[in-house]
Structure formats: C-alpha cells, structure tokens
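Heads up: the structure comes next, in structure tokens.
A, B, ... follow the sequence lines: proteins, then strands. Residue 1 opens every chain. No experiment lies behind these values; they were computed from the predicted model shown.
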Amino acid sequence: MDFLIDSFLSAILILWSFNPDVYFIIYVSLKVSLSATLIASLLGIPTGFMISFKEFRGKRAVIIVLNSLMALPTVVVGLLVYAFICRKGLLGILDLLYTQTAMVIGQVILIFPIVTSLTIAATSRVDERYRKTAMTLGAGPLQTALVIFRETRFGIIAGVIAAFGRVISEIGISMMLGGNAKGYTRTMTTAMALEYDKGEFVLGVALGMVLLLISLTINIFFKYIQGRSGA
Amino acid sequence: MRLLILLFFFALYSPSLGLADPKTIKMATTTSTENSGLLDVLVPEFTKETGIHVKVFAKGTGAALRDGLDGNVDIIFVHAKEREKAFVADGNGAYRLGVMHNDFVILGPASDPAKIKGKQDAVAALKGIARARAKFVSRGDESGTYTKEQALWGGTGIKLEEETTLIIKKGKKRSLSFRHPGGLGAWYFSVGQGMGKTLTYAEEKRAYTLSDRGTYLKYKYGRKQGLDLEILCQGDPRLLNQYGIIPISPKKYPHVKYELAERFARWLVSPKAQALIANFKIQGKQAFYPDAIPDAR
C-alpha cells in the first residue's frame, strides 16, 4: 500500500514542481492524441452521416465491418503503417517513421472506425421526420446534416470522447511508430512502460495518475461542448 | 445455448484451475540473451537433462534485477557486474556465478559521418560522434548496455547535462536523474527500448549506437534482411560485457524454488553448458565466450 501512497504523492510533487521533462511528455501526448482525435472526427463524422442516411447495397455489411474494426489491435495498425513508412517501404523517402506525424497517422486509423460507427449509431436513432421536415423547409443537404448534428450531438460527442480515450491510453502505436525518443516522441504511456521496464514503479504509477487527471480535465471540456441536452 | 456458454467459460478458465507444474522455475534475464537466440539452445537442453522447465522473462537488466528484488522470479541472468555484486551483497541474491562474456561494439552506418571507423578507443569514438553531432541512439533504460554507455560517456570529459525528477519513496523525497551529452532529440535519441528495437531504430535513423555483439550478430546475419549497420569500433577493453547468473536468496524469499534454481545456475557453469555456449554460433560467428571453463569445447 505504501507504494500507492508514494505514487500519489509523487504525482502531486511532479505536477507541483513543474518538472519540465514531465510537462513535455504531457504536451506530446496531448498534441498527438488531440490531433488524431480531431482528424478522425473530421473524417469519421461526415462518413458516419453518409452511411447513415444513404441507402445502398451492402450497407449492413459496411456497418458490421466498421463495428468489428473498433477492435482493431494497435499492434496491427502499427505494423501496417510501419510497413509503408519505414526506409524500405513505399513512403520511405519521407522519413516519417519515429516522428509525431507517424503516431498521428496510426492513431487516426485506429479511431476512425470508432468515430464513424458511433456516429452511425447516434444518427440512425434520430426520428426520420426531423430530416424530412428540415428538407421541406428548404434546407440543403449540409443544413439538414447540421440540424441532425444538433439533435444527435450528445451521442456523436460520446463517440469522440471514446475515441480520445482510446488514443490517449494506447501504447502499441506510440511505441512502434513514435519510438519513445525522449524529448521528442515520448508520451505518457510509453514513459510509463519504460519506468516499468526500468523497475521504477513509483514514477510509472505517478504518471498514470497524471494521465487520469488530464483525461478528467478534457472530459469536463467535452461535457461543456455536449451541452445539457440529454445530460 | 446456456450450456454452451457455460462450457465456453469452463474451457476458458480450466487451464488455470490445474496446479502449476512443480518443476518449473522463473528466470528474469536481459533482452540480449533472449534476442541472440542463446537461450533457445541452453534451456531446452537443460530441460531435457533434468526435466525442469524454465520460464524466461526477457527485460532490461534494471527490470530483471527489480524482478529479483521483489521475489517475482527464482533466478536472474544479467550483465551489469557491479550492480550484480551489490545485489548479492545486499542479501537479495544467494551468490553470483560468472557464466560468459562477449563485448560491446559501436555500430554505425557505412557512410560513417563522424569518421570513427577503425578507432579502437571507444571513448574517443563517442567523443567524435558528439563533436560531429552525428545521430546516436541510446537505450536510455536501466539495462546493462546503457550502464556501459553511461560509463563511456563519463570518460569522454564532455559536459553531461543532467535532468532530475523528484519522486517520493517510502515517504522520503528521492531524485531520479537522467544524464545525457546534450542534443537530446536533435542528435542524441534516448529511446528506452530493448536492444533489438534500438538496433532497428538506429538503422532507420542511420545513426550510431552501442550494442552487445550477440544481438548485433543475430540482427545482422540471422535475419533474411540483415541490419544495415556496420561495426565501426571494437576491441577496447572497456567494452567487455560480462554475464552472471544469480539465484534469488531463499533467506530473503522462502517461496523461491532455490534448489531448482541452483541446479540451473550450476548447470550453466558445467562443462556441458559451457561447451554449448562456446559452440553457439550465429552464422558461423562466435557470439559468447564461456567464463567458468574458458577452453570448453
């Protein structure tokens, strides 16, 4: 038990003393994960709308595939992207491997299915009459989508939160594509794994506590965007 | 249907219901013994002879020592002689037996931007790399290789930058320090990963790195696509890399399988195992040299 108390006190000490190393690690984690969440949302939410409101052959199959991809292992994404961007790969000349960009690419692939699937789930339950009313009132497709978004934003943002939670806590992609270089691509999760490898458990758990605290802050922010509807 | 679900869960958990095999020991070791493939030769032979199974957990030396310190394993097989001696002196290990050695090598791209090729003096080579600000990939963990790298940087006389993190342990403030020769993230990459990953990282970045010879040989010649790094500096006596085996002390942890662990330790220094080590070759190249019986064949 002492060990947990030590970790808790260390977490406070690290934050309180403005340890520049730790703050940089937090900065890298947030920058990468928030970028990935933003990009995946910009791609995934419109895709979700399109799948939700268009009728086409194989729609159920597409939804099932997207739902299954939510279980995509990080190591698979890591290996896939690695194969493309390593020196011997197709995009090798871009020198992307072991950069923050590489981590963002991997994380976007990881959570795109989550954002898309949960957008479909949120929008498919909305009353068909909303859409029809909006359209009869003269709204174009974009305006109609905005109306639906306002109605379903609680569910959609829940999807975005889930996606963010997935990337900020994942380690496989960050380790494989970022490489855990100190002061460059080291994130909170890879730093924790390293402290574990070194046998410095206290610092590892302290970092974990900092991560949870940040996650709490971000979620308070998301809650603010979600607004009170359905709360 | 309900029966089916029940059966499924039963199948899921039944293996863990059985009792663990009494003739199994757990060993924490370094990534270099595992990655080089040496353990794949030694362990099956030991099991064949004695019927004792060895579960291997390969980590950095720091983590392996930690496993021993916490009594998670029965025996450790690592390479940081000074720290091992301290480990035994503190009563954590029963004793240390020197098993084998090889050496560290400084690797780099064939283009050799820092012009260190052919240098024997490892410290001068590192100095050259730092002066040229050529990319260098460091393990950056508490491994034996990293311990060696730190010692070498210490010898260069380059002013090392130090970062400290305060944490609390057993209610007292303690600082963890991290020292590096400057240029962090610019030319000095501290990746905090195992030897194998560090090698592929250095290859990808066309950087220099310090590696044990065994892992290097495995990655250079034991794979379809050989590692694209060359040995640029070797032969310095300071690059010696010694491996020791330490059974965890039964006085400190009565639950460890000391007798079985001891059998493994004694077996490793027996003529049979020492000969296996001497004859272990990676693509025709000797990777380790036996220490207990130096002329074992």
(request) Specify the closest pair of heavy atoms between B:A63 and A:Y196, including all atoms of both residues, with the distance to one decimal. (result) CB-O, 4.2 Å
(request) Under 4.5 Å heavy-atom distance to chain A, tell me which part of B:T198 shows up: side chain, backbone, both or neither. (result) neither
(request) Please determine, among A:G183, A:A206, A:G179, the option with the most heavy-atom pairs under 4.5 Å with chain B. (result) A:G179
(request) Can you measure from OG1 (B:T164) to CG (A:D21) and round to the nearest 0.5 angstrom? (result) 8.5 Å
(request) Taking atom NZ of A:K59 as the centre, report whether more than 12 heavy atoms of other residues, nucleotides or ligands fall under 6.0 Å from it. (result) yes
(request) Against chain A, work out which of B:G185, B:S143, B:S190 has the most heavy-atom pairs shorter than 4.5 Å and name it. (result) B:S190
(request) Apply side chain to side chain contact (heavy atoms under 4.5 Å, CB included) to the pair A:V202 and B:I168, showing each step before the final yes or no. (result) CA-CA 8 Å; A:V202 169; B:I168 289 171; 5.9 Å; no
(message) If I measure from the heavy atoms of chain A, does B:F178 come under 4.5 Å with its side chain, its backbone, both, or neither?
(response) side chain
(message) Let me confirm one number: the CG-CD distance from A:L194 to B:Q193, rounded to the nearest 0.5 Å.
(response) 8.5 Å
(message) Looking at A:Y27, I want to see if its OH is surrounded by more than 12 non-hydrogen atoms of other residues, nucleotides or ligands under 6.0 Å.
(response) no
(message) So if I apply the side chain to side chain contact (heavy atoms under 4.5 Å, CB included) rule between B:I167 and each of A:L203, A:D6, A:L13, A:L9, which one comes out positive?
(response) A:L203
(message) Quick check on A:F8: does its CZ atom have over 12 non-hydrogen neighbours (other residues, nucleotides or ligands) under 6.0 Å away?
(response) no
(request) Under 4.5 Å heavy-atom distance to chain A, tell me which part of B:K169 shows up: side chain, backbone, both or neither. (result) both
(message) Just checking B:K220: does its NZ atom have more than 12 heavy atoms from other residues, nucleotides or ligands closer to it than 6.0 angstrom?
(response) yes
(message) At a heavy-atom distance under 4.5 Å, which candidate from B:Q225, B:K197, B:E203 has the highest pair count against chain A?
(response) B:Q225
(request) Heavy atoms only: give me the nearest B:L166-A:I14 pair and the separation to one decimal. (result) O-CG1, 3.8 Å
(request) Answer with side chain, backbone, both or neither: which region of B:K173 has an atom nearer than 4.5 Å to a non-hydrogen atom of chain A? (result) side chain
(request) Count the heavy-atom pairs under 4.5 Å between each of B:E142, B:E204, B:K59, B:R206 and chain A, then report the option with the highest count. (result) B:E204
(request) Count the heavy atoms belonging to other residues, nucleotides or ligands that lie under 6.0 Å from CZ of A:F221, then report whether that count exceeds 12. (result) no
(request) Check whether B:L65 gets within reach of chain A through its side chain, its backbone, both or neither, counting any heavy atom under 4.5 Å. (result) neither
(message) Could you go through A:F201 and B:D70, starting from their C-alpha distance and side-chain angles, then the distance that decides it, and tell me whether this counts as side chain to side chain contact (heavy atoms under 4.5 Å, CB included)?
(response) CA-CA 12 Å; A:F201 295 172; B:D70 288 350; 3.7 Å; yes
(request) Sort out for me which of A:K182, A:E200, A:M175, A:M176 touches chain B most, counting heavy-atom pairs under 4.5 Å. (result) A:K182
